[in-house]
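Here is the structure we will look at, set down as C-alpha cells.
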Amino acid sequence: MLKFIIHGIAIAFLTVLTQVGGIVYLIVLALSNRYQLNLLKSSGLFLGTYMVVCLLILPFLAPMFGRVALPVTGNLKPLNYITCLLNRHYVRTELREQLVGVSDRINKQFEGTKTNYLDANFPFYDGFPLFPHLSHNDGRKVDIAFYYTNQETKAYSNSAPSFIGYGIYEGPAANETNYPKQCADKGYWQYGFLNYLIPHWKADKFSVDVKRTGTLIRSLATDQRTSKIFLEPHLKQRWKLGGYNKIRFHGCQAVRHDDHIHLQL
Ligand SMILES: [Zn+2]
C-alpha cells in the first residue's frame with residue numbers, strides 16, 4: 001500500500017512538473033517489475049528514457065499540437081536550461097517568431113545582449129496548465145526575464161539575481177502604487193510568496209537594466225501580435241510606459257510581476 005502511494009505521488013509530481021514525466025515513470029515502473037530491476041538500475045533507466053523523450057521525441061511530436069520548442073542557444077535562450085529539461089519552453093509558432101525577432105533586434109541595438117525566457121508552456125494539449133502559472137496552458141504565453149547590469153561594474157550582465165528568474169523583486173518605492181501590499185492586505189498570500197522560497201544571496205549584485213528592459217517592453221507593446229503584457233503597475237509608472245495600453249495589471253490572484261515580464265498573444 002505504501003509503495004502504491006509513493007508511486008502515485010511520484011507520478012503526480014512528475015506530471016505537474018514536466019507533463020510527460022509521469023508517463024515515463026509508469027513505463028519504467030512496468031519494465032522494472034517485469035525484469036526485476038533494482039532501484040539503481042530503475043533510476044538509470046528512468047533518467048535515460050526521460051532524456052530521450054525530452055530531447056529527441058517531444059520536439060518532433062509537439063508541432064502536431066501546434067507548438068514548437070523555443071531556441072536553446074542564440075540571442076533568445078532560457079535563463080536556466082532546466083526550463084527546457086522540464087519541457088516548459090513550448091509555444092505557438094507565431095510566438096516563437098515574435099520572440100526570435102525581438103531578441104535579434106535587441107541584440108542589434110545593444111550588442112551582445114541575450115534575451116532570456118522563463119516558463120512558457122508544455123508541448124501538449126490546450127488547457128493543460130503549467131503549474132504554478134495557470135494561464136500558461138495554450139502555447140500563447142511566455143515569461144521573459146528582465147535584463148540586468150552588474151551592480152559593481154555597471155556593465156550589462158547576461159544573468160539574473162534569481163536562478164529561476166522569479167522571486168527577486170524590483171519593489172515599489174514609498175511614493176509608488178503598492179499592489180504587493182494591497183494584495184497581501186486583501187489576503188492574497190500567494191502574490192509575493194516566491195520571495196520566501198528563492199535564495200537572495202545574489203540579490204544585491206544586480207540592478208535591472210532599465211534601458212534594455214524598457215526597449216524590449218516597448219517593442220512588444222507595439223507589436224500587433226501581442227494581446228497583453230503583465231507588469232507591476234509601479235514599474236509601468238517608473239519606466240514611463242503609461243502610454244501603452246497593452247501593458248496591464250494582472251490582478252491579485254496572480255503573482256508579482258516586478259521580477260519578470262509576462263507576454264501573451
Ligand atoms: Zn506568465
Side-chain angles (χ1 to χ4, degrees), residues 16-19 66-71 76-80 82-84 86-100 102-103 115-148 160-171 179-180 183 188-195 197-198 208 213-214 216-221 223 225-236 239 241 244-265:
V16 167
L17 196 64
T18 70
Q19 193 175 42
R67 307 209 187 154
V68 286
L70 286 171
L76 177 68
K77 62 176 222 19
L79 178 72
N80 191 324
I82 291 173
T83 304
C84 304
L86 300 179
N87 315 311
R88 291 171 162 247
H89 63 310
Y90 287 85
V91 294
R92 295 196 179 199
T93 314
E94 199 187 354
L95 183 51
R96 186 188 200 273
E97 282 168 5
Q98 182 184 10
L99 288 170
V100 169
V102 77
S103 62
T115 299
N116 295 314
Y117 60 83
L118 310 173
D119 278 345
N121 311 261
F122 284 134
F124 307 129
Y125 301 115
D126 283 356
F128 192 106
L130 181 117
F131 188 80
H133 321 265
L134 301 183
S135 78
H136 288 224
N137 63 4
D138 56 5
R140 294 169 173 272
K141 324 277 169 42
V142 65
D143 290 340
I144 307 168
F146 292 161
Y147 301 103
Y148 291 91
S162 159
F163 73 107
I164 55 164
Y166 301 101
I168 293 184
Y169 305 120
E170 193 63 15
Y179 273 103
C183 292
Y188 291 97
W189 61 270
Q190 91 299 336
Y191 196 69
F193 81 105
L194 276 175
N195 182 45
L197 297 181
I198 300 298
V208 175
T213 307
L216 172 74
I217 297 173
R218 272 186 280 273
S219 176
L220 295 172
D223 190 315
R225 291 166 289 194
T226 299
S227 80
K228 281 181 211 163
I229 294 166
F230 292 149
L231 182 71
E232 208 65 36
H234 68 270
L235 293 183
K236 183 175 178 182
W239 296 345
L241 299 165
Y244 299 90
N245 58 12
K246 287 185 180 176
I247 306 173
R248 314 254 174 91
F249 174 54
H250 36 278
C252 288
Q253 77 293 340
V255 291
R256 287 176 71 156
H257 282 71
D258 50 358
D259 52 350
H260 73 283
I261 305 153
H262 168 101
L263 167 71
Q264 65 185 70
L265 291 181

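All values below come from the heavy atoms of this structure, side chains included, with hydrogens, waters and symmetry mates left out. This structure is a prediction, so every number in the text was calculated from the model and none was measured. Each residue takes its place number in the sequence, starting with 1. Ligands are counted one by one from 1 in listed order, and the atoms in each one are counted from 1 as well.
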Per residue D143, nearest N, O or S atom to the Zn ion (ligand 1) is named OD1
Using a distance threshold of 2.8 Å, state whether an N, O or S atom of [X] lies below it from the Zn ion (ligand 1).
| X | value |
| --- | --- |
| H262 | yes |
| D119 | no |
| H133 | no |

If you draw a 6.0 Å radius around CG in L17, do more than 12 non-hydrogen atoms from other residues or ligands fall strictly inside? yes
- Query: Is the ring centre of Y166 less than 6.0 Å from the ring centre of H260?
  - Reply: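 Ring centres of H260 and Y166 closer than 6.0 Å.
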Are the side chains of R140 and S135 in touch, meaning some heavy atoms are under 4.5 Å apart?
no
Exercise. Apply the test salt bridge (charged side-chain N to carboxylate O under 4.0 Å, His left out) to residues R92 and D126: give CA-CA distance (whole Å), side-chain angles for both, the deciding distance (0.1 Å), then the verdict.
Key: CA-CA 11 Å; R92 295 196 179 199; D126 283 356; 3.4 Å; yes
